[in-house]
Enquirer: 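Let me begin by handing over the structure; questions about it come next.
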Amino acid sequence: MSQSLVHAPQARSWRDIPQPVKPRVMSRGGRWRLAASLARVLAFVAVVIVVAWGAWEVIAALRANPSNMPAAARTVPVKNFVLKTNADGVLDAAWLRSALGLPKGATLMELDLQQLRARLLADGQVSVASLTRNFPDTLEVRIAERAPVARLQAQFGDGAERTLLVARDGAVFPGHGYDTARIETLPWLAGFKLARAGGRFAPIEGVNVAADLLAHAQLDTPHLYAAWQVVSLARLASDREIEVQTKTGTTVVFGAEGDFAVQLAKLDFQLELLAKATAPVAKINLALGREVPVSFVAPLAAASNTTASAAKPAKTAPAPFISLFPNSQSQTKREL
Amino acid sequence: MSSSTTFIGAVEIGTSKTTVLVGEHNGRELAIIGRGECQSRGVIKGSVVDYKAASECAHAALEQAERDAGERIDLVFLAQTGAHLEGFYNEASVSVKAADNMIDADDIRTVCDLARSKELPAGRMVVHNIRRPFRVDGRLVPGTPEHLVGQRLEVGYWTVHGQEQRLADNIHVIRGFNLEVRELVLASLASGHMITSPEERQHGVLAIDLGAGTTDYALYRDGAAHTTGVVSVGGTHLTNDLSIGLRLTENQAEKLKLRFGRANVVTKDKAQKVWLDGNFAIGDRQFSQQVIEQITAARAVELLEVVKKKLGNAFTPETCASGVVLTGGTAKLGGLAETAARVFGVPAHLGETPTWVSENLRDPGYHTSLGLLYYGVAAQAEKNTGVRRRGGFLTGMKRLFANA
């Protein structure tokens with residue numbers, strides 16, 4: 001037998017006797033000592049808490065009033081910019097540098113973090129931003145980015161037409177860092193008035209409803225979503241309806257109050273039924289509940305369309321045009 | 001004061017008095033800085049029979065010692081005595097497992113575990129495991145046998161065990177003062193460590209601590225404790241004999257014992273009388289000094305013979321070259337050394353307090369408490385040898401909360 005496998009039983013030792021006793025068994029001196037020990041522990045805990053609180057206060061004071069910082073900490077220029085964004089975010093450190101627009105050689109203590117934060121939020125693509133000084137030379141920025149659900153084209157004061165993106169909450173932003181292919185999959189947004197408020201675009205109302213519809217379509221019927229070209233909010237406020245114009249010229253009307261998943265299923269079914277129809281479909285109305293009226297293009301118009309389409313290559317519907325400065329430009333405004 | 005300084009209380013709850021000494025230990029040196037005493041109550045033959053009375057007395061002594069020292073005691077070394085303590089010897093041997101017959105740490109650990117593995121009856125607990133020197137192929141090895149070459153490694157342990165309830169009672173008396181008992185030390189080992197030198201222990205010596213209720217003894221051989229024991233007879237029995245023989249109260253008998261008692265009879269004249277009080281007041285009486293000496297000597301001889309009988313074959317004059325050393329309150333009885341020498345057949349003398357002990361602690365009654373401090377500190381140091389200290393701060397915090 002190997003000696004290392006020997007496990008000799010050990011007899012119980014006096015050390016196995018439990019030593020703790022109840023306070024009532026203690027004498028007055030013992031209880032006094034117990035109270036003193038507890039007081040010592042409490043005092044120690046209190047000291048730790050006070051020290052921690054003091055340290056926190058000092059840090060907070062230094063953050064609030066940079067002039068209290070040691071001179072050495074104030075003279076080091078910012079060298080590193082750390083950007084932390086959400087998982088599907090597209091913004092990078094280069095954008096951060098340009099967005100912040102810091103002067104060369106600026107130190108951490110010279111930065112007005114509130115102002116820089118406002119500068120970041122002014123972009124529209126950033127929904128939340130927080131900035132932290134990490135001494136001696138690092139500025140850490142944490143942001144949350146908005147995700148685009150649609151796009152729009154607007155004409156600015158200089159006459160230039162630019163594509164803007166719209167987020168679920170209606171925020172309008174230029175959209176930095178997005179892949180062009182991704183942008184082109186987004187439908188155009190129409191049927192609203194774009195206005196400025198406080199130097200930036202005012203949020204568009206009703207986009208969240210359209211965003212729900214688009215999200216359902218992307219997930220449930222991606223083949224239908226791919227054919228959607230324009231989403232109009234023109235009748236949302238008045239009739240609680242959203243109009244979608246497809247690339248084939250069909251207008252689909254969705255009820256904003258109904259279940260989008262059900263309406264999309266109906267649409268898919270109707271389109272399958274209508275696949276063999278001789279005349280092209282002009283409009284499908286899904287906003288009337290069980291009834292789904294479908295209107296067709298008149299045969300003559302259809303024929304001319306057919307001829308025209310045969311004569312020249314297919315052309316996708318143009319983007320809706322929105323003028324921000326109707327008085328300075330022509331009154332041109334394309335209707336859906 | 002250094003943060004690593006520990007204030008140790010050495011507590012002896014004896015039959016006649018409870019003694020507390022406070023030692024200031026800084027890791028290297030031990031200084032005695034306080035003392036507290038209280039006449040014992042609720043203790044008979046070293047065992048607590050009245051918890052409340054014994055606690056009050058012990059706590060009073062502890063408070064007095066803390067006041068005297070001006071410091072709070074951190075932990076306690078507690079002396080243990082009583083007739084419930086018993087001992088036995090158990091040995092084990094192993095074959096050295098290495099091919100080259102060199103003994104390694106595993107061999108030593110295995111043989112030690114085997115030698116200590118004797119099971120105890122229900123309700124008994126180990127107080128001490130005293131290791132005797134190793135033997136390699138029958139050859140005595142005073143130190144560690146590691147790296148020595150041999151085929152067979154042997155070791156034996158003298159295991160002292162006691163009754164669980166009695167041990168717990170003593171510990172709870174101290175815990176009632178919210179103090180941790182860090183070491184439980186046999187009174188005989190504590191006093192023996194104090195009154196014998198390492199050379200004496202190497203040559204063989206018998207240390208006898210004659211207390212009021214018990215007599216503790218420790219026989220040393222080859223530098224280590226060989227056998228220990230407790231006889232539940234002490235100074236109070238001499239007092240009791242005088243009280244019965246001369247028809248006196250216990251207080252009167254105690255007074256006569258302290259003044260005229262001897263362990264041998266030296267008075268030749270039967271007519272030589274001594275006064276009980278000596279103030280010639282009413283009730284003061286005369287007694288024959290020879291009779292007093294005869295009574296006390298008879299009991300002293302009997303007591304020493306009981307010790308010798310209990311030692312049995314472990315004690316022989318040849319293996320106890322340094323003789324017998326006596327201590328304890330009853331050792332102050334005149335002629336005890338001569339009587340012990342006659343009974344054991346070896347030289348005997350009263351234990352002397354080391355010269356570095358202050359004058360007020362030189363009484364034999366403090367030998368156990370003094371030994372407790374030094375034996376306890378040495379035992380702790382031995383336990384910590386080679387053990388790396390970890391998490392000093394965390395350990396300190398843990399102790400702080402554990403104490404609370």
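Quantities reported herein were computed from a predicted structural model and do not represent experimental measurements. Each chain gets a letter, A, B and so on, in the order the sequences are listed, and its residues count up from 1.
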Enquirer: Given heavy-atom pairs under 4.5 angstrom as the criterion, report whether the side chain, backbone, both or neither of Glu56(B) touches chain A.
Expert: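 Contact with chain A involves no heavy atom of Glu56(B) at all.
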Enquirer: Would you say the side-chain atoms of Arg133(A) pair up with the backbone N or O of Glu140(A), donor to acceptor, closer than 3.5 Å?
Expert: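 No: the side chain of Arg133(A) does not pair with the backbone of Glu140(A).
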Enquirer: Using a cut-off of under 4.5 Å on heavy-atom pairs, state which of Arg124(B), Glu66(B), Gln80(B), Arg109(B) scores highest against chain A.
Expert: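 Counting heavy-atom pairs under 4.5 Å, the top option is Glu66(B).
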Enquirer: Please check if the side chain of Arg97(A) supplies one atom and the backbone of Gly101(A) the other of a donor-acceptor pair under 3.5 Å.
Expert: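 No; judged by distance alone, with no hydrogens or angles, the pair does not exist.
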Enquirer: List the steps, then state whether side chain to side chain donor-acceptor pair (under 3.5 Å) holds for Thr81(B) with Thr214(B).
Expert: CA-CA 8 Å; Thr81(B) 184; Thr214(B) 60; 3.3 Å; yes
Enquirer: Is it the side chain or the backbone of Ile171(B) that comes within 4.5 Å of chain A heavy atoms, both, or neither?
Expert: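 Just its side chain gets close to chain A.
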Enquirer: At a heavy-atom separation under 4.5 Å, does Ala35(A) approach chain B through its side chain, its backbone, both, or neither?
Expert: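 Nothing of Ala35(A), per the 4.5 Å heavy-atom cut-off to chain B.
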Enquirer: Under 6.0 Å from the ring centre and within 45 degrees of the ring axis: does the NZ or CZ of Arg132(B) meet both conditions for the six-membered ring of Tyr89(B)?
Expert: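 Yes - Arg132(B) lies over the ring of Tyr89(B), closer than 6.0 Å to its centre and within 45° of its axis.
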